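See below for the structure under consideration.
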Amino acid sequence: MSFGESITTVLRKYADFNGRAGRPEFWWWILFYALVAAALGVFNVIPLGDASSLGAVLSSLWGIAMLLPTLAVIVRRLRDTGQGWGHVFWLLVPIAGLIVLAVMLSQPGKAAAVA
């Protein structure tokens, strides 16, 4: 799966928590998310009042808008590795939880069970 295909797939399945997501789909999406967030950080030099900046507002809006698609692709990726969706809660553990989840998401996919 290419970079562009991954982005369109994740956005097309933005609220689809069923199915599976391969490694390329997930990691290309994470790269896209991080690149856009970094690009929005450029606008931090434009102040909005005393305590905020345009970059902070845009980054917040980006994070809120992409929360559901990101959670959906994480759940689909966990399912592909044979893990349950409950492992998403590792994100609530500072630093170590992100590392544990990244290791889980990096595992190769398991064959689908035939019913």
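Owing to the predicted nature of the structure, the values given are computational and were not obtained by experimental measurement.
- Taking every heavy atom of both residues into account, M66 and L11 meet most closely at SD-CD2, 4.1 Å.
- Atoms NZ and OG1, from K13 and T8 in turn, are 10.5 Å apart once rounded to the nearest 0.5 Å.
- When all heavy atoms are compared, the tightest approach of A15 to L68 is CB-CD2, 3.8 Å.
- Atom CZ of F3 is surrounded by more than 12 heavy atoms from other residues, nucleotides or ligands within 6.0 Å.
- Here NE2 of H87 is found 13.5 Å from CD1 of I74. Values are rounded to the nearest 0.5 Å.
- Residue I95 places its CD1 atom among 12 or fewer non-hydrogen atoms of other residues, nucleotides or ligands, all under 6.0 Å distant.
- The distance from the CD1 atom of I7 to the CG atom of L31 is 7.5 Å, given to the nearest 0.5 Å.
- Counting only distance, with no hydrogens or angles, the side chain of S60 and the backbone of A56 share a donor-acceptor pair below 3.5 Å.
- At distances below 3.5 Å, not a single donor-acceptor pair connects side-chain atoms of R79 with backbone N or O atoms of A21.
- Between S59 and G41 the shortest heavy-atom distance is OG-N, 4.3 Å.
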Check against salt bridge (charged side-chain N to carboxylate O under 4.0 Å, His left out), E25 and R77 | CA-CA 9 Å; E25 178 183 346; R77 179 70 197 131; over 6 Å; no
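- Taking each heavy atom of W27 and L105 in turn, the nearest pair found is NE1-O, 3.9 Å.
- Each of L54, V57, L48 was compared with F43 under the side-chain contact (heavy atoms from CB on, under 4.5 Å) criterion, and only L54 meets it.
- Smallest separation of non-hydrogen atoms from T9 and M1: OG1-CE, 3.9 Å.
- Of the possible polar contacts, none joining the R20 side chain to the L78 backbone as a donor-acceptor pair under 3.5 Å is found.
- For Q107 (side chain) and M104 (main-chain N/O), no donor-acceptor pair under 3.5 Å exists by modelled atom type.
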Between F32 and W29, does a ring-ring contact (aromatic ring centres under 6.0 Å, His included) hold up when you go through it step by step?
-> CA-CA 5 Å; F32 171 71; W29 172 257; 5.5 Å; yes
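- Rounded to the nearest 0.5 angstrom, L71 CG and Y14 OH are separated by 14.0 Å.
- Of all heavy-atom pairs spanning N44 and S53, the tightest one is OD1-OG, 3.2 Å.
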